[in-house]
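Reviewing the structure listed below.
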2 protein chains.
Amino acid sequence: MTTIDRIDQRILHELSRDARQTNVKLAEQVGLSPSACLRRVQELERSGVITGYKAVIDRSRLGIGCVVYLTVGLSKHTKASLEAFERAIAEAPEVVECHTITGAVEYLLRVEVTDIGAYKDFHTNVLGTLPHVSSITSHIVMDSSKSTRS
Amino acid sequence: MTTIDRIDQRILHELSRDARQTNVKLAEQVGLSPSACLRRVQELERSGVITGYKAVIDRSRLGIGCVVYLTVGLSKHTKASLEAFERAIAEAPEVVECHTITGAVEYLLRVEVTDIGAYKDFHTNVLGTLPHVSSITSHIVMDSSKSTRS
DNA sequence: CTTTAGCGCGCAACTCGATTGCAATTCATT
DNA sequence: AATGAATTGCAATCGAGTTGCGCGCTAAAG
């Protein structure tokens, strides 16, 4: 594992909050000169600690009104059926996350759609067409009081 | 809702992939001159579609070896007990997401820790000390085959 | 049909930040 | 104390960011 000191941690924290602040400002905030700060950032990128940067988009402004976490259980647990399911999920733009999890079911998915009708459509016409799906439990997100993941 | 045309969508898509590419490169990719492209980005920011930018950090490089999604049910559903729970969760650095969801339980949390022992510690010493927590169901993430959320 | 107004765009000039080479400083080891 | 390695700061250069101005296109009004 790469050695991360306190200044690196500060840099990571700052870039988690605002990845497009100028390097000059970032350097000020972590107490380095701009060039030393930039080299730190470059090293964090090169070593793979920082894997990229992304825009944070307010999906509700784009019409996303409904976020759903759902668990999916499969009736067949062969490698082939798992892979077929994951391939289908990879093709579904509504699904923004797919995790293989421990427990009574195989997957936890995060789905983002415009409204509950669109979710029903997804549920019926996407999930409903996949072979080996034996259980689906949906949880609509009413509020996200914490979202600090980066 | 702000009007988003196809070029705006292209911009959003590109900035979801690499938010620190130069504006010159972004402009090339969406087929505008750099200044027109920049104004589009500025407008997407001003209007709140883009709420910010963040670094994507590979947590496993920082020692995070264990991601857990867990559902939490409360025994009391008063406003006061809900708020107390959320305040406690806001103070727990291991919890990176907290969603209020429909269904038999109240919350879905995402927790990131170094290893399963650290999760047990969190489970016992953080969750275990909170009043009104009546059920906890943990799912360890074994793999995330899709993660396109932005 | 013509004219006008509004919107989005491109061009170009200026400013400032990004980047990198070199030298200095600091820290750790012998 | 000396040496080597790692980190940092300085400064110069280049390129990108930013913005004002004018142009072109489209739609609406006369």
Side-chain angles (χ1 to χ4, degrees), chain A residues 1-65 93 114 148-150, chain B residues 1-65 93 114 148-150:
Chain A
M1 187 176 71
T2 305
T3 304
I4 302 290
D5 69 9
R6 292 207 68 85
I7 295 178
D8 289 323
Q9 283 173 15
R10 286 285 309 276
I11 287 171
L12 291 174
H13 177 69
E14 286 298 323
L15 291 179
S16 289
R17 291 175 57 254
D18 177 11
R20 280 177 75 141
Q21 63 183 292
T22 64
N23 180 62
V24 174
K25 184 183 167 197
L26 177 63
E28 261 178 51
Q29 295 191 315
V30 301
L32 291 176
S33 72
S35 74
C37 180
L38 181 64
R39 289 185 182 119
R40 291 258 191 159
V41 173
Q42 287 170 340
E43 179 58 27
L44 288 169
E45 292 167 359
R46 194 204 58 79
S47 66
V49 173
I50 296 181
T51 58
Y53 301 90
K54 55 177 34 173
V56 183
I57 297 169
D58 181 356
R59 292 283 175 183
S60 66
R61 302 240 173 193
L62 295 185
I64 296 292
T114 53
T148 57
R149 177 181 168 194
S150 67
Chain B
M1 184 176 74
T2 304
T3 304
I4 301 292
D5 69 8
R6 293 207 67 84
I7 295 178
D8 289 321
Q9 283 173 14
R10 286 286 308 276
I11 287 171
L12 291 173
H13 177 71
E14 288 297 325
L15 292 179
S16 290
R17 292 175 56 253
D18 177 11
R20 278 176 75 140
Q21 62 184 292
T22 64
N23 179 61
V24 175
K25 183 182 167 196
L26 177 63
E28 262 179 49
Q29 296 191 317
V30 300
L32 291 178
S33 72
S35 73
C37 181
L38 179 66
R39 289 182 182 121
R40 291 266 192 148
V41 173
Q42 287 170 339
E43 178 58 27
L44 288 169
E45 291 166 357
R46 195 204 57 79
S47 66
V49 173
I50 296 181
T51 59
Y53 301 91
K54 55 180 30 175
V56 183
I57 296 169
D58 181 358
R59 293 282 175 183
S60 66
R61 303 243 174 189
L62 295 185
I64 297 289
T114 52
T148 56
R149 176 181 170 194
S150 67

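Chain letters run A, B, ... following the sequence lines, proteins first, then strands; residues in each count from 1.
- The closest donor-acceptor contact from the side chain of B:R40 to the backbone of B:S35 lies at 3.5 Å or more, if one exists at all.
- Applying the 4.0 Å criterion to OP1 and OP2 of C:dT20, one finds that A:Q42 has a side-chain N or O inside that range.
- Remark: the backbone N or O of B:Y53 is not paired with any side-chain donor or acceptor of B:R20 at under 3.5 angstrom.
- Neither OP1 nor OP2 of C:dT19 sits under 4.0 Å from any side-chain N or O of A:R39.
- Ranking D:dG17, D:dT7, C:dT19 by closeness to the B:L38 side chain, first place goes to D:dG17.
- Formation of a donor-acceptor pair under 3.5 Å by the A:D58 side chain with backbone atoms of B:T51 is not found in this model.
- If you take CD of B:E43 and P of D:dT19, they are 14 Å apart, rounded to a whole angstrom.
- Counting heavy atoms from C-beta on, the side chains of A:L62 and A:I57 come closer than 4.5 Å.
- Rounding to whole angstrom units, CG of residue B:D5 and P of C:dC7 are separated by 15 Å.
- Using a distance-only test at 3.5 Å, with no hydrogens or angles considered, a donor-acceptor pair links the side chain of B:R10 to the main chain of B:Q29.
- Near DNA chain D, meaning a heavy atom under 4.0 Å from it, residues 17-34 of chain A has A:L32, A:S33 in order of number.
- No donor-acceptor pair under 3.5 Å is formed between the side chain of A:S16 and the backbone N or O of B:K54.
- Residue-to-nucleotide contacts include a donor-acceptor pair under 3.5 Å from the side chain of B:S35 to the base of C:dC11.
- Between B:I11 atom CD1 and C:dG8 atom P the separation is 13 Å, expressed in whole Å.
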